[in-house]
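Input: a single structure, listed below in structure tokens.
When a ligand or atom number is given, it counts from 1 through the structure's own listing order.
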Amino acid sequence: MKLVAAPDRWTKSCAHDECTLHQLSPYIGKIKSSIAGELVKKYSRPGDLVVDPFAGAGTIPLESALQGRRAFGADISPYAKILSLAKLFPPRSLNDALEKAEVALAEAEALPSPDLRTVPVWVRQFFHPDTLREALNFAVIARQHGNEFLMACFLGILHHQRPGFLSYPSSHLVPYLRDKKYPREEFPEMYEYRALKPRLLAKVRRSFKRFISTENVDGEFTMGPVQQLELPARFDALITSPPYMNALDYGRDNRLRLWFIDQTRAERVDNDVTQRRQAFVDAISSLAHKVESGLRRRGYCVFVVGEELASRSESHPSEVVVTTFRSTAPSLRLKQVLTDNIPDIRRTRRECRGVKTEHFLVFQRN
Ligand SMILES: C[S@@+](CC[C@H](N)C(=O)[O-])C[C@H]1O[C@@H](n2cnc3c(N)ncnc32)[C@H](O)[C@@H]1O
């Protein structure tokens with residue numbers, strides 16, 4: 001199959017045009033919302049049920065909802081669950097969101113002060129103790145079902161070096177302290193107490209800057225490994241980007257946010273598929289079975305696959321997808337392969353070691 005270059009417009013940043021719900025909180029390996037939007041538009045129709053079994057930050061489910069499709073998302077990560085639900089079911093308006101935030105903040109304030117000795121040192125080192133106490137109590141309230149939007153806003157301001165964030169100077173995407181670049185003696189203001197309330201309310205406001213309502217969206221999210229996932233009996237399109245093999249570690253790279261979501265699961269998000277080639281093959285094969293039985297006739301199945309610089313002896317991830325679909329989903333035909341180079345300067349996935357190219361594999365059912 002001939003490789004076709006992706007359109008030039010895909011190189012353009014969409015940060016100033018996209019619905020700001022896309023910017024709730026960063027996610028490694030996130031697809032650009034403009035590209036996700038184009039794929040949804042081209043490969044599904046209004047009212048269709050669009051499935052994304054590796055939903056991550058919920059980019060494809062949100063773009064599906066914004067374009068009047070029904071959305072079914074799934075992912076193994078509890079962080080992905082929070083972000084996907086927050087985007088599919090946000091508060092109705094900014095006022096509604098601010099009201100909910102005020103209530104949650106007041107409930108958190110009424111909780112007893114937590115004992116920081118129960119908090120692991122690696123978490124404590126990111127925060128001023130008073131900020132950490134507020135963050136811990138707020139997380140208790142935000143963890144309650146129905147508060148996913150507030151939890152997503154909270155996670156979005158958890159770590160960074162800018163003043164609107166809660167941590168000591170740290171990177172935003174992956175939590176690394178930047179205390180060498182910003183030593184405490186030279187930048188004492190970066191190590192002061194950072195009140196949660198004004199920062200959270202400002203974050204809520206930013207999230208509604210370009211808000212497009214998806215009220216009454218027909219959406220669903222299931223948390224779990226794709227191998228055990230039950231897809232809807234019939235669906236119209238599957239658009240997804242599987243984990244990047246040998247390139248990302250979704251547990252380690254999201255560890256601080258995962259710890260606030262569920263202290264027992266931080267760093268325990270299953271990375272098998274990312275790290276073991278056979279697990280990747282098994283995951284794709286189990287998905288191919290489900291697509292073969294559930295995708296409607298003439299429906300599309302689109303995979304966005306990050307190509308790692310594999311050793312010469314191994315097949316590339318996109319070859320794994322193509323050969324697995326050929327043997328396991330014989331009613332699907334590979335229609336097109338687009339290839340997109342990801343120059344460092346415009347990668348939303350700058351942390352992807354080795355992943356320089358993405359393949360867009362477009363299958364269609366007979
Ligand atoms: C490339 S990311 C998806 C990014 C997503 N398209 C977005 O825009 O944010 C791949 C996702 O696969 C998930 N994942 C890894 N192993 C999985 C498994 N066995 N079952 C389901 N999801 C898995 C990761 O948690 C990660 O969110």
* Record the part of Tyr27 in heavy-atom contact with ligand 1 below 4.0 Å; permitted values are side chain, backbone, both and neither. => side chain
* Structure fact -> Here the atoms of ligand 1 under 4.0 Å from any heavy atom belonging to Lys30 are 7 (C), 8 (O), 9 (O)
* Arg199 (side chain) donor-acceptor with Pro163 (main chain) under 3.5 angstrom -> yes
* Asked: Which is it for Ala74 and ligand 1 at heavy atoms under 4.0 Å: side chain, backbone, both or neither?
  -> neither
* Asked: Can Gly306 be said to touch ligand 1, with heavy atoms closer than 4.0 Å?
  -> no
* Considering the heavy atoms of Gly29, write down every atom of ligand 1 situated less than 4.0 Å from one of them. => 1 (C), 4 (C)
* Asked: Between Phe360 and Trp10, how do the two ring planes meet: parallel, tilted or perpendicular, split at 30° and 60°?
  -> tilted
* Asked: Are any of the heavy atoms in Gly224 under 4.0 Å away from ligand 1?
  -> yes
* Look at Glu230 together with Lys290 and state whether they make a salt bridge at an N to O cut-off of under 4.0 Å. => no
* To do: Examine the proximity of ligand 1 to Pro243 and report which part, side chain or backbone, both or neither, has a heavy atom under 4.0 Å away.
  => both
* Give the atoms of ligand 1, by number and element, whose distance to some non-hydrogen atom of Ala57 is under 4.0 Å. => 7 (C), 9 (O)
* For ligand 1, which part of Ala279 has a heavy atom less than 4.0 Å away: the side chain, the backbone, both, or neither? -> neither
* **For Ser241, the ligand 1 atoms whose distance to one of its heavy atoms is below 4.0 Å** => 1 (C), 2 (S), 3 (C), 4 (C), 5 (C), 6 (N), 10 (C)
